[in-house]
Amino acid sequence: METFYETRLPAGSHWSLLMRRGTALTLTDIAGGVNAAALFYNPDNLLERYNAPDTLKCQHTFRLTEGHCLYSDMGRIFCGIEDDTFGWHETVCGSSNASQVEAQFGALRYQQARNERHQNGVDSFLTELAKYGLGKRDMAANVNFFARVETGDDGALALTAQGLPGTRVRLRFAMDTLVVLHTCPHPLSDAAAYPTAPLGLTFDATRQPLPARCLARAENHRGLRNNQLYYLSEGV
């Protein structure tokens, strides 16, 4: 595998990047316990964005793992989970907000602590989205990678596990995709201290199609056909 670029995203940080069709992005929980929240948009039409309900219902699942695809609200596939050593990523709990983070971890702002500040997920997403002319109304339900969330007998959701050191998930993109990330605490985290775990990012420039494991379901074949129709003018 040809590695194009590697970097780290510190805890409590945010970033955005454009992934081209066929390339791959590997997220690695370097130290264990990272929360990697992500949103996905079509860079050529920012009105098209990740759709959590369609992603779950068309694949008859509550969790995301290897073999699942992540859908847009136009019925197209942004990417497939090509490899996964964690096995459970959730997409129903959203992101932590400012009042929640302050109540749980205390107020610690940039003027006091610089990069050690207590950033929250919602504001992190909004900061990145503003770079593309997007705002609060453009925020959809996000994926929280490395977060196992289960439902108790009383119907309440609980964060039951996060990644161990070296846990990774690789996404293979089926269309050009704007990826927006943050590494702020999961909204269901009960940690006493603000997390410090960084996220590893590895970009593979070798272009490949979605693997067969991501196309085991008939629904995903139909989603990929929608992609092919979208790119028809390019002769693909």
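Checked against the 6.0 Å centroid criterion, the rings of F125 and H182 qualify as a close aromatic pair.
Ring geometry for F146 against H89 counts as perpendicular: the plane angle is over 60°, on a 0 to 90° scale with 30° as the lower cut.
Between the side chain of N51 and the backbone N or O of Y71, no donor-acceptor pair lies under 3.5 Å. D83 places no side-chain N or O within donor-acceptor distance of the main-chain N or O of V169, the cut-off being under 3.5 Å. Looking at S124, its side chain never comes within 3.5 Å of a backbone N or O of H14 through a donor-acceptor pair.
Annotation: K131, atom NZ; neighbour count of heavy atoms from other residues, nucleotides and ligands within 6.0 Å is above 12.
Distance check, rounded to the nearest 0.5 Å: CG of L70 to CZ of F40 gives 5.0 Å. To the nearest 0.5 Å, atoms OH (Y5) and CG (L25) are separated by 12.5 Å.
S96 and N120 are not linked by any side-chain donor-acceptor pair at a separation below 3.5 angstrom, with hydrogens and angles left out of the test.
In summary, of the residues considered (D73, T91, N42), a side chain to side chain donor-acceptor pair (under 3.5 Å) with Y50 occurs for T91 alone.
Taking the ring axis of Y230 as reference, the NZ or CZ atom of R76 stays within 45° of it and closer than 6.0 Å to the ring centre. With a 6.0 Å cutoff to the six-membered ring centre and a 45° limit on the axis angle, R21 counts as a cation-pi contact of Y231.
Not counting sequence neighbours, R207 has no partner by the side chain to side chain donor-acceptor pair (under 3.5 Å) test.
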